[in-house]
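Here, residue 1 is the first one in the sequence, and each next residue gets the next number. Whatever order the structure lists them in is the order used to number ligands and atoms, beginning at 1.
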Amino acid sequence: MSDTALLSIGHRALPDASLPGVADARLLPDTEFQEAWASIALPTDMKDRMLRGAVAGIQLRQAVPFDAVPLHGITLLTGEPGVGKTTVARGLADKITRGLPSDPPWVFVEVDPHALASASLGRSQRSVENLFGTVLDETASVGPLVVLVDEVETLLTDRAALSMDANPVDVHRAVDAALVGLDRLARRHPHVFVLATSNFPDAIDPALTSRADTVIRVPLPDRTARRWILEHTVTAIVAAFPGARSLLTADSLDVAADHAEGLDGRRLRKAVAAACSRNPEAQGDPNRVTAQDLLDAIGHARETS
Ligand SMILES: Nc1ncnc2c1ncn2[C@@H]1O[C@H](COP(=O)(O)OP(=O)(O)O)[C@@H](O)[C@H]1O
Ligand SMILES: [Mg+2]
């Protein structure tokens, strides 16, 4: 298989998901990503603002010269682990394409920076060049493209902070190659939209941060979001285990949401699952979970986070 293998789907070719650094490739819109968007609760209006910013940016880039409005088409989502960055990024990719329909359809490519960074000596740079300079460039030449670079600090590591012992020359070259690749995509293809996420924004090379059109800090869920996440998670469990419906009372959800302050969305959802196994008498039957089990599980999650 060549390094630029493209699989033809309908009249749009998708990059081969087995290429180094390609975690996922699909056409958009996509119902799985639509559900992802709906499953994330953020402070009022935050998702709408994200979407409006992305759509306006794409329209401006297509119509206004780069020299006048230097938009790179890059949005960076930062925040603690488990606050929903990756999920909301996938959902945003879907939403954008519903707002800006295209023929040929939009393509989505998720880049796996870990796979690129772990390539052996000298290979990182070549893999990055191949992915950004050839595969994504060829894909974007045919039609619009959303690229998600999850945990971008792995690929665009702050060069100033590199110690000399790791393998800095190779890392430097890979970072340079990624920046050159992003610049080239931005210059040549106004309909490429790049979403990057990071748990460690301080570890990102400033050259990427300065290219980002928007940096959005995704917060820990507030009380309203916590209550919504709890209700969403419990509702899914009740659909399969109706006995768990005692958790769905307004009172139980209110108290649990108050109790869960400081937990991220991932821990919150896991705490609901953990509640199902807390009571020894229930013998692991989720039908027998109680509101107190949920409070205990949330308390435990807070102590250990
Ligand atoms: N604000 C939120 N609303 C609803 N669910 C959330 C939220 N934040 C995180 N989650 C859930 O937690 C899990 C992890 O989310 P993820 O997108 O991987 O977070 P991150 O990329 O920030 O580490 C997912 O199942 C997601 O649905
Ligand atoms: Mg993530």
Give the contacting part of R269 toward ligand 1: side chain, backbone, both or neither, where contact means a heavy-atom distance below 4.0 Å.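 For R269, the contact with ligand 1 is made by the side chain alone.
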K85 side chain to N199 main-chain N or O, any donor-acceptor pair under 3.5 Å?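 No, the answer is negative, given that no donor and acceptor are paired below the 3.5 Å cut-off.
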Is it the case that the side chain of R188 and the backbone of S141 share a donor-acceptor pair, with hydrogens and angles ignored and the cut-off at 3.5 Å?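 A pair under 3.5 Å: no.
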Suppose we measure from [atom] to each protein heavy atom; which comes out shortest, and what is that distance?
atom: atom 21 (O) of ligand 1; result: T86 OG1, 2.8 Å
atom: atom 18 (O) of ligand 1; result: R266 NH2, 3.1 Å
atom: atom 3 (N) of ligand 1; result: A41 N, 2.9 Å
atom: atom 6 (C) of ligand 1; result: I40 CD1, 3.5 Å
atom: atom 16 (P) of ligand 1; result: T87 OG1, 3.5 Å

So, is [X] polar-close to ligand 1, with some N/O to N/O distance under 3.5 Å?
X: G82; value: yes
X: K85; value: yes
X: I229; value: no

Would you call [X] and [Y] a salt bridge, using N to O less than 4.0 angstrom?
X: D183; Y: R187; answer: no
X: E110; Y: R90; answer: yes
X: D176; Y: R159; answer: yes

S39: heavy atom below 4.0 Å from ligand 1, yes or no?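 It does, in that a heavy atom of S39 comes within the 4.0 Å cut-off of ligand 1.
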Contact between P81 and ligand 1, counting heavy atoms under 4.0 Å?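 Right, P81 reaches ligand 1.
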Look at T86 and state whether any of its N, O or S atoms is less than 2.8 Å from the Mg ion (ligand 2).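 Looking at T86, which is the residue asked about, there is an N, O or S atom under 2.8 Å from the Mg ion (ligand 2).
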Write down the atom of A38, the atom of W228, and the distance for their closest heavy-atom approach.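 In terms of heavy atoms, the two residues are closest at O-CH2, 3.3 Å.
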Using the six-membered ring wherever Trp is involved, compare the ring planes of H189 and H191 and label them parallel, tilted or perpendicular (cut-offs 30° and 60°).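 Aromatic pair H189/H191 classed tilted.
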Please check if any side-chain donor atom of S18 sits under 3.5 Å from a side-chain acceptor atom of D16, or the reverse.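 Yes.
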For residues N130 and S127, is any side-chain donor paired with an opposing acceptor at under 3.5 Å?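 No donor-acceptor contact under 3.5 Å links the two side chains.
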With a cut-off of 4.0 Å, which atoms of ligand 1 are near a heavy atom of G84?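 That gives atoms 8 (N), 9 (C), 15 (O), 16 (P), 17 (O), 19 (O), 20 (P), 22 (O) of ligand 1.
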